[in-house]
**Q** 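My questions will all concern the structure given below.
Only a predicted model underlies this, so the values are computations on that prediction, with no experimental measurement involved. Residues: numbered from 1 along the sequence shown. The figures that follow rest on heavy atoms only: side chains count, while hydrogens, waters and symmetry mates do not.
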Amino acid sequence: QLQLVESGGGLVQPGGSLRLSCAVSGYTLDYYAIAWFRQAPGKEREGVSCISRSGYTTDYADSVKGRFTISRDNAKNTVSLQLNSLKPEDAAVYYCAALDAPHLINSCRYDGMDYWGKGTLVTVSS
């Protein structure tokens with residue numbers, strides 16, 4: 001059973017930065033495409049960014065392009081999401097999720113995720 005644990009959330013002022021981490025255990029990270037999602041109170045969960053198994057392909061929601069950066073370190077079983085130029089509308093619980101898809105070496109997606117973390121809270125406020 002794959003386990004994912006997010007960390008790095010917190011309170012930050014608008015314009016500030018945070019680095020979220022997703023630590024994966026239970027199996028090697030190499031086999032999984034990873035996506036970050038977020039859910040704000042009263043809103044639906046949305047896909048924020050994803051990264052392929054190889055790390056060569058990434059994707060970002062339009063709302064975060066140019067501000068967020070996803071990366072993975074398969075040797076450390078960790079996926080990170082760098083959040084820059086944060087806005088109040090970025091405030092949410094951020095989740096990482098893993099997709100067991102052996103064929104998705106160079107692509108990623110946001111549906112059909114197999115494993116989820118419990119989330120880390122990001123608050124953006126002055």
Side-chain angles (χ1 to χ4, degrees):
Q1 182 80 4
L2 197 71
Q3 294 184 327
L4 296 87
V5 179
E6 303 92 337
S7 62
L11 172 63
V12 63
Q13 292 185 343
S17 298
L18 284 174
R19 187 173 183 84
L20 306 184
S21 293
C22 175
V24 176
S25 62
Y27 208 69
T28 179
L29 179 60
D30 303 48
Y31 286 90
Y32 300 92
I34 301 294
W36 283 92
F37 296 80
R38 67 185 181 188
Q39 187 167 21
K43 295 187 177 181
E44 292 187 356
R45 184 175 62 200
E46 63 171 336
V48 174
S49 181
C50 67
I51 187 166
S52 64
R53 288 177 55 197
S54 66
Y56 292 141
T57 301
T58 59
D59 183 76
Y60 299 92
D62 288 342
S63 59
V64 307
K65 278 181 182 176
R67 300 188 298 121
F68 290 9
T69 303
I70 191 171
S71 61
R72 66 189 292 157
D73 186 337
N74 288 343
K76 295 183 178 180
N77 266 20
T78 301
V79 178
S80 298
L81 186 67
Q82 178 69 37
L83 285 58
N84 295 331
S85 303
L86 281 162
K87 305 175 181 180
E89 53 263 41
D90 294 318
V93 178
Y94 282 71
Y95 302 89
C96 63
L99 176 65
D100 184 1
H103 57 291
L104 290 181
I105 297 175
N106 290 315
S107 62
C108 64
R109 67 187 201 206
Y110 300 101
D111 62 299
M113 308 307 287
D114 296 298
Y115 304 96
W116 291 84
K118 294 184 178 180
T120 185
L121 177 63
V122 172
T123 304
V124 184
S125 175
S126 55

**Q** As an exercise, state the distance from CG of L4 to OG of S21, rounded to the nearest 0.5 Å.
**A**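 These two atoms lie 12.5 Å from each other.
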**Q** Scan V79, I70, T69, D59 and name whichever one has a side-chain contact (heavy atoms from CB on, under 4.5 Å) with S49.
**A**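 Of the listed options, the one satisfying the test is I70.
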**Q** Could you tell me if S54 and S52 have a donor-acceptor pair between their side chains, going purely by distance under 3.5 Å?
**A**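 A pair is found: one side chain offers a donor N or O, the other an acceptor, under 3.5 Å apart.
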**Q** Flag the pair V24 / Y32 as yes when at least one side-chain heavy-atom distance between them is below 4.5 Å, and no otherwise.
**A**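 A side-chain contact under 4.5 Å is absent here.
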**Q** Who passes side chain to side chain contact (heavy atoms under 4.5 Å, CB included) against S107, sequence neighbours left out?
**A**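 L104.
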**Q** Hey, could you give me the CG/CG distance between N84 and D90, rounded to the nearest 0.5 Å?
**A**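 CG of D90 is found 10.5 Å from CG of N84.
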**Q** K65 vs D62, test: salt bridge (charged side-chain N to carboxylate O under 4.0 Å, His left out). Steps then yes/no.
**A** CA-CA 5 Å; K65 278 181 182 176; D62 288 342; 3.2 Å; yes
**Q** May I ask you to check whether over 12 heavy atoms, not counting those of Y60, lie within 6.0 Å of atom OH?
**A**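 It does: Y60 OH has more than 12 such atoms within range.
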**Q** Can you hop from Y95 to L121 via hydrophobic side chains spaced under 4.5 Å?
**A**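 Yes: a chain of side-chain contacts under 4.5 Å links Y95 to L121.
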**Q** Using modelled atom types and a 3.5 Å cut-off, is there a donor and acceptor pairing between side-chain atoms of T78 and backbone atoms of K76?
**A**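 Yes, because the side chain of T78 sits within donor-acceptor range (under 3.5 Å) of the backbone of K76.
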**Q** W116 and F37: aromatic ring centres closer than 6.0 Å?
**A**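 That pair passes the under 6.0 Å test.
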**Q** If we ignore hydrogens and angles and just use 3.5 Å, is the side chain of S85 paired with the main-chain N or O of G15 as donor and acceptor?
**A**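 Not a single qualifying donor-acceptor pair exists.
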**Q** Under 4.5 Å between side-chain heavy atoms, counting indirect links through other Ile/Leu/Val/Met/Phe/Trp/Tyr residues: same cluster for L83 and V64 or not?
**A**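 Yes, because L83 and V64 connect within a single hydrophobic cluster, where side-chain heavy atoms sit under 4.5 Å apart.
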**Q** Just by distance, do the side chain of R19 and the backbone of S80 share a donor-acceptor pair under 3.5 Å?
**A**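 A pair under 3.5 Å: no.
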**Q** Would the distance check show the side chain of R72 and the main-chain N or O of G55 forming a donor-acceptor pair, the cut-off being under 3.5 Å?
**A**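 It does not hold such a pair.
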**Q** Is it the case that more than 12 heavy atoms not belonging to Y31 sit under 6.0 Å from its OH atom?
**A**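 Not more than 12 within 6.0 Å, no.
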**Q** To the closest 0.5 Å, what do you measure between CD (E46) and OH (Y110)?
**A**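 The CD atom of E46 sits 10.0 Å away from the OH atom of Y110.
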**Q** Compare every heavy atom of A101 with every heavy atom of R53, then report the nearest pair and how far apart it is.
**A**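 So the minimum-distance heavy-atom pair works out to CD-O, 3.7 Å.
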**Q** Counting N and O atoms only, with roles assigned by atom type, does the side chain of E44 sit under 3.5 Å from a partner on the main chain of Q39, one being a donor and the other an acceptor?
**A**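 Not at all, since once roles are kept as given, no pair shorter than 3.5 Å links the two residues.
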**Q** Are any side-chain N or O atoms of T57 and backbone N or O atoms of N106, one a donor and one an acceptor, separated by less than 3.5 Å?
**A**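 Side chain of T57 to backbone of N106: a pair is present.
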**Q** Can you get from L18 to Y94 by hopping between Ile, Leu, Val, Met, Phe, Trp and Tyr side chains that sit under 4.5 Å apart?
**A**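 L18 and Y94: one cluster.
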**Q** Would you give the length of the straight line joining atom OH of Y115 to atom CD of Q3, rounded to the nearest 0.5 angstrom?
**A**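 The OH atom of Y115 sits 10.5 Å away from the CD atom of Q3.
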**Q** Give, for atom CZ of R109 and atom CG of L99, the distance between the pair rounded to the nearest 0.5 Å.
**A**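 Reported value, rounded in 0.5 Å steps: 4.5 Å.
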**Q** Tell me whether V122 is reachable from V93 by hopping between hydrophobic residues (I, L, V, M, F, W, Y) whose side-chain heavy atoms are closer than 4.5 Å.
**A**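 No, V93 and V122 fall in different hydrophobic clusters.
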**Q** Which pair of heavy atoms, one from L29 and one from N77, lies closest together, and at what distance?
**A**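 Minimum heavy-atom contact is N-OD1, 3.1 Å.
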**Q** From K43 NZ over to R38 CZ, what is the distance, rounded to the nearest 0.5 angstrom?
**A**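 One finds 8.0 Å between NZ of K43 and CZ of R38.
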**Q** Answer with yes or no whether the hydrophobic clustering places W36 together with V124; edges join I, L, V, M, F, W, Y residues whose side-chain heavy atoms lie under 4.5 Å apart.
**A**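 Yes; V124 is reachable from W36 via cluster members.
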